[in-house]
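This report concerns only the one structure given below.
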Amino acid sequence: MRILLFVHSLRRGGAERVLLEIASGLRAKNHGAEVVSWLEVDEYKEECYRDVPRHFLIRKDEYRWPWAVPSAAERFRLVAERYRPDVIEIHTPTVAWVAAWANLKIPCIHVLHGFGSITRRGSITDWWMQELDRLAQRRLNLNFVVPTPSMADAGATHYAISPSRFTCVPYGVDIHGFHPRRKTIDITPTIMMLGTLSPNKGQDWGIRAFRGVLKCFPDARLMIVGEGAHRPVLEKLVKEMGLDGKVRLAGFRKDAFDLMSASHVFWHLSDSEGLPMVVLEAMATGLPVVGFDVRGTRDAVVHEETGFLVPFGDARMVAQRTTDLLSDECSYQRLSLQARHLVEKRFSLECMVDGHVRVLCGAVEANTLHD
C-alpha cells in the first residue's frame, strides 16, 4: 500500500510529530509512505525521521490565503501523479480544501488532532471555514480518525455527519525509546513542563503553582523546556514572583527526553488538548503527571492511578497534589509504575500504527469495491 500523508507544514508540534511517527511506522511495516507539506517548513531534522521522504508545495513567502489554494492543489496533483498513492491521509483541516480542489479521485482519510478547528463558533469567518470544511468533506467523501471519543462527537457536530464516520485510534509512543528510572524522592525534586511557550499551554500557571511547592520543598526546581512567542511574558513573571534561580526556561532541547527521565513530576497545564503526546511520553518515562482536568489531558491521565487531575486554573491544587505526591514515597512509586504500564497497554506506537493501517486498508478496499 502506498500512502501520501498531507499536512500544512512540518513545524514543531504534536500533530506534526504524530504524522512523522505514523509515516515511519508505516514504512517499517513495508508500506510506502511519503509526506506532503503545503508550506516549505521543516523543523524535524532528527535521525529517526530522516528516511521519511518529504515533498513541499510552496515556499512560506508564497503563501497568501486563500489565493494559495489553487496553485497548491495543482502542485499536489503533480506529486500524486508521480507517486501514485493508493490512499491519502490528511492531517490538517485546511489541506483538505487543497485535496478537494485537486479532485484526484483517490480515497482520503482525515486525521483530526485537536479541537481548535472544529469547535470555533461565533464569527462570520468561523462560519465560512466550517462551510468550507463541510464542502471538502462531501467532495472527498471523508471518513475520519480521531485520538479520543470526545473528538469524534465534536467532529460529527462540526461536519454534520454521523459519528459512525469516525474511528478512534489513540496516539502512541515508542515505549522502547523511553527508559524509566526508579527515583528516590529527596529534598531537591525537579518538576518539568515541555511544550511550545504559548498562553494556552499554561506555563504561567506552572510558575504560579511552583511557589506553593517551594513552601514544602524549598530546594525544588521547575524546568520549562520549549520555545515560543510567550517567552518574554514568562521571563517577566519569573522575575516578578522572585523565582530567579528556581525556575529555568531551558528553551528547545534535543535532550528533552533525557531531562524528562531525570525529573520527578511532569506538569501539563494546557487549557485544552486533542491527546497530548508529551503526557504519554512523560508516563512512558515513569513520571506521574499533574494536569488540569480538561479534554485530552483527562483522556491520558487516570486520576489517582497515573497522576492527578485538578480543576482548570487551580494553581494552589496543582501545588498541593504535587507536594502530597513528593511526600509519599510509596504512592509516588505506585503511580510511576502504573503510568508506564498504561502506556504499554493502551498508548504504544505499535497499536497506533496498526490502527491506521486498518483504517487505510479499509478505505482502499472500499474504493476498489465501489469501482
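Computed over heavy atoms, backbone and side chain alike; hydrogens, waters and symmetry mates excluded.
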side-chain contact (heavy atoms from CB on, under 4.5 Å) between Glu21 and Tyr49, worked out: CA-CA 8 Å; Glu21 291 285 355; Tyr49 302 133; 2.8 Å; yes

May I have the step-by-step check of side-chain contact (heavy atoms from CB on, under 4.5 Å) for Leu104 and Ile88, ending in yes or no? CA-CA 10 Å; Leu104 293 172; Ile88 296 167; 3.9 Å; yes

Please lay out, stage by stage, how Ile3 and His31 fare under the test side-chain contact (heavy atoms from CB on, under 4.5 Å). CA-CA 8 Å; Ile3 307 105; His31 296 288; 3.9 Å; yes

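Between Trp38 and Tyr63, the ring center distance clears the sub-6.0 Å criterion. A distance below 6.0 Å separates the ring centres of His113 and Tyr171. With ring centers used as reference points, Trp97 lies under 6.0 Å from Trp65. Between Phe257 and Phe178, the gap from one ring centroid to the other is short of 6.0 Å.
Residues satisfying the side-chain contact (heavy atoms from CB on, under 4.5 Å) test with Thr157, not counting sequence neighbours, are Arg121. Taking Glu235 as the reference, Arg231 meet the salt bridge (Lys or Arg N to Asp or Glu O under 4.0 Å) condition, with sequence neighbours excluded. Applying the side-chain contact (heavy atoms from CB on, under 4.5 Å) criterion to His341, with sequence neighbours excluded, gives Glu344, Lys345.
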Please list, one pair per line, the donor and acceptor atoms closer than 3.5 Å that link side chains of residues 237-251 to other protein atoms, with sequence neighbours excluded.
{"from": "Lys246", "atom 1": "NZ", "to": "Pro218", "atom 2": "O", "distance (Å)": "2.5"}

Residues 309-321, side-chain donor-acceptor partners within the protein, below 3.5 Å, at least two apart:
{"from": "Asp314", "atom 1": "OD1", "to": "Arg316", "atom 2": "N", "distance (Å)": "3.4"}
{"from": "Asp314", "atom 1": "OD1", "to": "Met317", "atom 2": "N", "distance (Å)": "3.0"}
{"from": "Gln320", "atom 1": "NE2", "to": "Asp324", "atom 2": "OD1", "distance (Å)": "2.8"}
{"from": "Gln320", "atom 1": "NE2", "to": "Asp324", "atom 2": "OD2", "distance (Å)": "3.4"}

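For the pair Arg17 and Tyr44, the cation does not sit on the ring face, since its NZ or CZ is not both under 6.0 Å from the ring centre and inside 45° of the axis.
Residue pairs meeting the side chain to side chain donor-acceptor pair (under 3.5 Å) criterion with at least one member in residues 296-309, sequence neighbours excluded: Asp293-Arg298.
Scanning both residues, His110 and Thr92, for their nearest heavy atoms gives NE2-C, 3.9 Å.
His264 places none of its side-chain heavy atoms less than 4.5 Å from the side chain of Ile191.
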